[in-house]
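Worksheet: the structure to be examined is printed underneath.
Note on naming: letters A, B, ... go to the chains in the order of the sequence lines (proteins, then strands), and numbering restarts at 1 for each one. Note that the coordinates shown come from a computational prediction; the quantities given were computed from them, not determined experimentally.
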Protein chains: 2
Amino acid sequence: MPHTYEYPRPSVTVDACIFTMHGDDLAVLLIKRKGQPFKGHWALPGGFVEKNEALEKAAARELAEETGLTGVAFEQLAAFGDPGRDPRGHTVSIVFFTFIHAEAAIVHAGDDAAEAAWHPLRTLPLDAAPRAGAHRLAFDHARILTLARHRLQERLRDPSRESSFQLVPQHFTLTELQRVYEAVLGHAIDKRNFRARFLGRGIVEPVAAQRTGKHRPAQLYRWTVPKRRARARAN
Amino acid sequence: MPHTYEYPRPSVTVDACIFTMHGDDLAVLLIKRKGQPFKGHWALPGGFVEKNEALEKAAARELAEETGLTGVAFEQLAAFGDPGRDPRGHTVSIVFFTFIHAEAAIVHAGDDAAEAAWHPLRTLPLDAAPRAGAHRLAFDHARILTLARHRLQERLRDPSRESSFQLVPQHFTLTELQRVYEAVLGHAIDKRNFRARFLGRGIVEPVAAQRTGKHRPAQLYRWTVPKRRARARAN
DNA sequence: TCAAAAGTGTTGGCTGTACACCCATGG
DNA sequence: CCATGGGTGTACAGCCAACACTTTTGA
């Protein structure tokens with residue numbers, strides 16, 4: 001069933017950049033492409049926007065189809081539309097990103113993907129000029145991923161900004177939260193400073209439960225109810 | 001010359017949200033629409049992306065065609081793609097924004113516009129529910145404009161971030177710069193604090209010239225050469 | 001001489017960062 | 001008893017915000 005327009009139109013696609021923790025590493029969800037172009041290369045989950053489909057819904061649909069992940073709240077990263085970024089022709093992609101905690105991060109390959117898997121960022125060829133012969137990421141997804149990581153870092157650095165990220169499960173220990181911050185920001189954080197920040201400003205509050213494990217049990221916390229911090233600004 | 005595709009495609013458009021100073025007000029560049037839909041309504045300059053045209057180039061082209069403004073460096077705001085935002089059918093718009101100083105802000109209506117003019121934001125109906133009968137902005141441009149203003153505010157609030165905005169001409173007085181900040185942020189700023197910030201951190205430096213006027217002459221400044229401030233972060 | 005804009009310092013509070021030791025548990 | 005991770009306080013530096021008066025010029 002062909003569709004005809006008076007003027008040429010770029011294709012419109014969406015891609016999803018989903019981060020999670022993978023051990024102590026920041027990882028991203030990629031699929032192995034089943035078809036051309038870039039067959040066999042790893043790529044961000046994504047695909048074509050359907051008729052009268054909202055962009056974020058399209059991203060959620062493609063993510064579910066290709067990886068089985070559902071119920072994800074996105075933020076928009078940016079649109080990428082350089083001619084030449086897709087060998088099939090002019091394609092504009094709107095990229096969404098988010099972070100989900102590991103418990104929610106169970107995936108499986110869908111119909112359009114040969115494989116779906118989490119990749120620690122430090123194992124991916126994200127340089128501007130990846131070494132020849134290496135299986136680089138499909139399309140311009142290395143560049144997109146680099147930008148997404150920067151945006152994620154900015155969002156965690158700014159405590160006044162609300163985010164829809166699921167950094168941790170509903171109940172969590174402060175060490176777990178700190179691991180997320182360290183993985184995203186890429187450097188160690190002082191434990192006392194970290195805890196003082198979140199406790200002192202009432203961002204998290206303890207719940208009546210502890211996490212037991214091999215060692216000393218850890219207090220569990222949750223986000224403070226409004227989870228919304230106003231920031232006064234007069235000058 | 002019709003163009004046929006196997007699957008339906010949304011239209012792809014770009015819009016440009018250009019801010020400047022208008023007296024002591026923050027103003028935005030709008031065009032009065034010549035054709036349907038929203039004929040006679042004010043809208044952001046913009047239009048359809050052409051074959052194999054980069055998004056930012058398309059925005060610059062449409063801006064030049066409709067208002068005569070050229071040489072503008074954009075930042076990307078976001079993509080808007082809700083079905084129903086354009087009565088002609090599913091349309092995805094990628095919006096770019098920037099700020100230019102008043103000297104660069106000379107405009108004239110181009111072919112596709114009945115009129116092009118700067119509108120102080122406080123004169124525009126930007127509420128979610130504009131009063132009935134009022135000539136509201138075309139499409140979802142009121143919402144876009146609101147988001148663009150917030151982003152512009154965020155950018156000025158964060159001194160560690162580099163921007164491509166032309167807030168002031170090459171040489172400027174600190175009062176002129178302060179007027180821009182006050183207009184964008186929407187509140188008065190203390191003069192001593194403002195000057196201490198820019199001078200104390202070496203963001204601006206005096207040049208050997210003064211601006212004369214009706215009153216006491218003012219020292220002229222320019223941005224410090226690299227205009228780039230690193231921000232150390234260890235913890 | 002007056003109106004209007006330019007210019008100038010100090011203080012307190014908050015936030016970020018550096019830094020070292022004891023505690024509870026399971027093995 | 002020891003290895004492992006949980007948990008705690010203080011001190012300095014930088015930035016933001018509050019605050020009032022003098023200077024220079026043209027009219």
B:A64 backbone acceptor or donor facing B:T70 side chain under 3.5 Å
no

Measure from the side-chain N and O atoms of A:H41 to the backbone N and O of A:R136, and report whether any donor-acceptor pair falls under 3.5 Å.
yes

For [X] and [N], give me the distance from atom [atom1] to atom [atom2], rounded to whole Å.
{"X": "A:I189", "N": "C:dA18", "atom1": "CD1", "atom2": "P", "value": "11 Å"}
{"X": "B:N193", "N": "C:dT10", "atom1": "CG", "atom2": "C1'", "value": "11 Å"}
{"X": "A:Q210", "N": "D:dG5", "atom1": "CD", "atom2": "P", "value": "17 Å"}
{"X": "A:R157", "N": "C:dG16", "atom1": "CZ", "atom2": "P", "value": "13 Å"}
{"X": "B:Q219", "N": "D:dT24", "atom1": "CD", "atom2": "P", "value": "14 Å"}
{"X": "A:Y181", "N": "C:dG16", "atom1": "OH", "atom2": "C1'", "value": "15 Å"}
{"X": "B:D190", "N": "C:dT8", "atom1": "CG", "atom2": "C1'", "value": "11 Å"}
{"X": "B:F198", "N": "D:dC15", "atom1": "CZ", "atom2": "P", "value": "13 Å"}

Closer than 4.0 Å, any side-chain N/O of [X] to the OP1 or OP2 of [N]?
{"X": "A:R201", "N": "C:dG16", "answer": "yes"}
{"X": "B:R211", "N": "C:dG7", "answer": "no"}
{"X": "B:T175", "N": "C:dA5", "answer": "no"}

Would you say the base of [N] and the side-chain of [X] have a donor-acceptor pair closer than 3.5 Å?
{"X": "B:K191", "N": "C:dG7", "result": "yes"}
{"X": "B:R216", "N": "C:dA5", "result": "no"}
{"X": "A:R192", "N": "C:dA18", "result": "no"}

Using 4.0 Å as the upper bound for N to carboxylate O, is an ion pair formed by A:E75 and A:R155?
yes

Nearest to the side chain of A:R195 - C:dG16, C:dG7, D:dG7?
D:dG7

What pair of heavy atoms forms the shortest contact from A:F96 to A:Q76, and how long is it?
CD2-CA, 3.8 Å

Where is the tightest heavy-atom contact between B:I31 and B:A116, given as atom of each residue plus distance?
CG2-CB, 4.1 Å

DNA chain D: 5'-proximal contact among A:L220 and B:K214 (nearest heavy atom)
A:L220

